[in-house]
Amino acid sequence: MAELRLGPLLRYADGSAATVWVEATRPCAAEVRGAEGARGTSRTFQIAGHHYALIPVTGLTAGSAQSYEVLLDGTRVWPLPGSPFPDSVIRTPADGDAVRLAFGSCRWAAPPAGEKDPVGPDALDTLAARLAADPDGERPDVLVLLGDQVYADETSKATRRWLAARRDLSEPPGDEVADYEEYTRLYYESWLDPEVRWLLSTVPSCMIFDDHDVIDDWNTSAAWLADMRATPWWRERLLSGLMSYWVHQHLGNLSPDELAADPLFAAVRETPDGTDLLRSFACKADTEPSSVRWSYRRDFGRVRLLMVDTRAARVLDEDARSMLDPGEARWLREQALDGRGTYDHLLIGTSLPWLLPHLVHDAEAWNAALCRGERGERWARFGEDLRRRADLEHWAAFPSSFDALAELIAEAGSGAQAPATVCVLSGDVHHAYVAEPTWPTGKGPDARVFQLTCSPVHNAIHLAIRIGFRFGWSGAARTLGRWFAGHGGCPRPPIDWRRTGGPWFGNQLMTLTLRGRTARLRLEQARAGRGAGASGSAGGGAGTAGATGARLRTVAESELAP
């Protein structure tokens with residue numbers, strides 16, 4: 001009999017359709033049945049001995065909510081027997097409804113229940129506990145996860161023990177994951193957390209990778225990539241990372257219509273074992289990055305979200321360095337400008353922040369100039385070493401791409417049909433802040449523009465990060481940054497910007513509430529209650545986050561567009 005191994009995850013949901021992702025223990029027919037008549041069924045497909053299904057659900061009506069159950073070969077497997085959580089629900093928005101997006105990035109899987117959590121409560125666990133305690137209360141319409149959903153290069157104690165039982169950890173890549181099977185372990189560890197499992201079953205999600213989904217500083221430079229390709233383990237790691245991402249994250253980002261038109265998805269489902277097909281796809285994605293588009297668009301009423309791949313789509317040639325290859329940049333431009341006047345808010349999801357503290361921005365632009373050879377060969381070697389050691393690889397490290405994004409935002413946000421806001425949603429830097437850019441007189445957009453950065457969901461926040469980013473926004477740091485820029489011969493950016501919120505440090509989530517042309521931002525941090533020292537997460541009893549007293553507490557709230 002088929003059993004539910006992982007999931008369900010409610011991925012896509014609009015006014016009439018949804019998709020639900022599951023992994024089963026064997027080939028079977030996976031089915032979703034809604035309490036009010038919604039239905040969907042799909043046969044599983046096989047990748048590397050694992051059996052998955054992405055179930056299209058129809059029979060939904062706008063502005064409604066109905067609980068659902070999952071069946072495998074006709075046997076109910078969800079909700080779990082004895083579950084203390086409310087029923088999982090598919091909610092479909094109606095025209096004119098407010099849209100709430102909760103977003104963040106960088107989530108280590110929390111330790112098993114009963115173990116002390118060294119980095120504090122998990123923001124997703126605490127969000128789940130709040131929603132479970134008040135199922136009819138305010139909830140996100142979508143959860144936007146901006147990268148580092150799993151950490152292939154920073155495994156937990158439990159995973160290291162599992163790896164050690166499987167292979168010799170004295171051989172590269174050591175206690176990092178090496179292949180597809182080991183990637184599946186990361187997803188089990190993260191998504192079988194009882195609170196997170198229920199949360200992802202009842203709140204739709206959008207995901208995009210960042211570096212740790214593959215390896216720290218993935219695609220930071222051409223020299224870095226050449227060094228990695230020279231190692232004996234890199235190819236299998238990368239291919240497994242792309243394959244597991246396609247299965248666990250990418251497919252669920254697509255609408256039912258996009259899935260129906262996807263030739264790889266059709267081919268994988270039509271063959272008894274799609275492993276070779278998917279591996280060939282990953283090989284081509286590695287050697288010809290422009291052959292695949294991981295970026296995608298989601299529209300929520302009059303809110304447009306563009307999730308942008310800022311990792312695999314890079315051009316790494318030092319003389320033509322770009323965050324996005326030409327095809328990806330063209331796609332972003334087309335999607336941002338398509339049907340202007342049909343959306344009130346444009347959201348650009350990019351794992352890496354566009355606007356950083358001025359010192360960090362100038363240091364990255366300076367470093368890019370050194371690596372380009374502007375100060376000679378010795379400085380170029382120094383710059384490459386510094387780039388890798390200090391993670392100098394954000395938009396500022398790709399100056400032409402930084403400028404192009406500023407130009408696109410100004411164009412998309414200008415004119416009689418301009419949206420009320422253009423917001424760049426980012427994570428990566430293990431703290432949160434709000435920044436607002438300004439353009440030279442006469443060149444700026446009519447829309448209000450914001451960089452909204454929120455990280456981590458659940459991760460370490462080192463003292464160096466706290467000190468460095470607090471100093472990075474200071475006047476003294478800005479002066480120092482100008483010296484760096486001058487040394488590298490870097491032109492001034494086409495815009496200026498200032499921090500208008502933060503920095504905030506903690507495990508946290510931001511929520512944007514968009515209603516008509518208004519926008520409201522809330523930042524919440526996960527904080528433990530009194531006497532709460534044990535984790536409430538993977539492997540423990542359901543509802544443990546609430547039991548330990550951990551709660552999401554509002555630490556900042558502001559109107560972005562009145």
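The basis for the numbers below is simple: all heavy atoms, side chains too, and nothing from hydrogens, waters or symmetry mates.
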| Main-chain N/O of Arg314 paired to Asn219 side chain as donor or acceptor, under 3.5 Å | no

| task | With rounding to the nearest 0.5 Å, note down the distance linking CH2 in Trp108 to CG in Leu186. | result | 13.5 Å

| query | Taking atom types as modelled, is there a side-chain donor on Gln525 or Gln508 under 3.5 Å from an acceptor on the other? | reply | yes

| remark: Smallest heavy-atom separation, Val315 atom then Pro326 atom, equals CG2-CD, 4.4 Å

| request: To the nearest 0.5 angstrom, please state how far the OG1 atom of Thr518 sits from the CG atom of Leu560. | output: 10.0 Å

| query | Is it true that atom CZ of Arg340 has more than 12 heavy atoms of other residues, nucleotides or ligands lying nearer than 6.0 Å? | reply | yes

| task | Would you check if there is a donor-acceptor pair between the side chains of Thr350 and Ser426 at a distance under 3.5 Å? | result | no

| message | Quick check for you: to the nearest 0.5 Å, what is the distance between Leu242 atom CG and Leu278 atom CG? | response | 9.0 Å

| Within the side chain of Arg197, is there an N or O that forms a donor-acceptor pair under 3.5 Å with the backbone of Leu9? | no

| Contacts of type ring pair (Phe, Tyr, Trp, His ring centres under 6.0 Å), residue His431, not counting sequence neighbours | Tyr433, Phe469, Phe505

| field | Ser244 (side chain) donor-acceptor with Ser240 (main chain) under 3.5 angstrom | value | yes

| message | Ignoring hydrogens and geometry beyond distance, is a side-chain donor-acceptor pair present between Thr513 and Arg522 at under 3.5 Å? | response | no

| said: With a 3.5 Å distance limit and no angle check, can you tell me whether Gln451 reaches the backbone of Ala435 through a side-chain donor-acceptor pair? | reply: no

| query | Looking at Glu236 and Arg279, does any basic side-chain N land under 4.0 Å from a carboxylate oxygen? | reply | yes

| Pairs touching residues 323-335 that satisfy salt bridge (charged side-chain N to carboxylate O under 4.0 Å, His left out), sequence neighbours left out | Arg293-Glu328, Arg333-Glu411

| field | Salt-bridge present (Arg107, Asp193; N to O < 4.0 Å) | value | yes

| said: Between Thr159 and Glu189, is there a side-chain donor-acceptor contact under 3.5 Å, judged purely by atom types and distance? | reply: yes

| Is any side-chain heavy atom of Glu195 less than 4.5 Å from a side-chain heavy atom of Phe85? | yes

| His248-Trp21 aromatic ring centre distance below 6.0 Å | yes

| request: Scan Ile47, Thr44, Val268 and name whichever one has a side chain to side chain contact (heavy atoms under 4.5 Å, CB included) with Tyr52. | output: Ile47

| query | Taking NZ, NE, NH1 and NH2 as the nitrogens, is one of them in Arg100 or Glu138 under 4.0 Å from a carboxylate oxygen of the other? | reply | yes

| said: Does Asp309 form a salt bridge (Lys or Arg N to Asp or Glu O under 4.0 Å) with Arg311? I'd like the steps, not just the answer. | reply: CA-CA 6 Å; Asp309 162 22; Arg311 285 291 170 186; over 6 Å; no

| So do the side chains of Pro419 and Asp344 get within less than 4.5 Å of each other, counting heavy atoms only? | no

| Are more than 12 heavy atoms from other residues, nucleotides or ligands located less than 6.0 Å from atom CG of Asp134? | yes

| query | Can the ring centroids of Trp294 and Tyr245 be said to lie less than 6.0 angstrom from one another? | reply | yes

| query | Which pair of non-hydrogen atoms, one from Ala420 and one from His345, has the smallest distance, and what is that distance? | reply | CB-CE1, 3.9 Å

| Taking the side chain from Thr25 and the backbone from Ala2, do they hold a donor-acceptor pair closer than 3.5 Å? | no

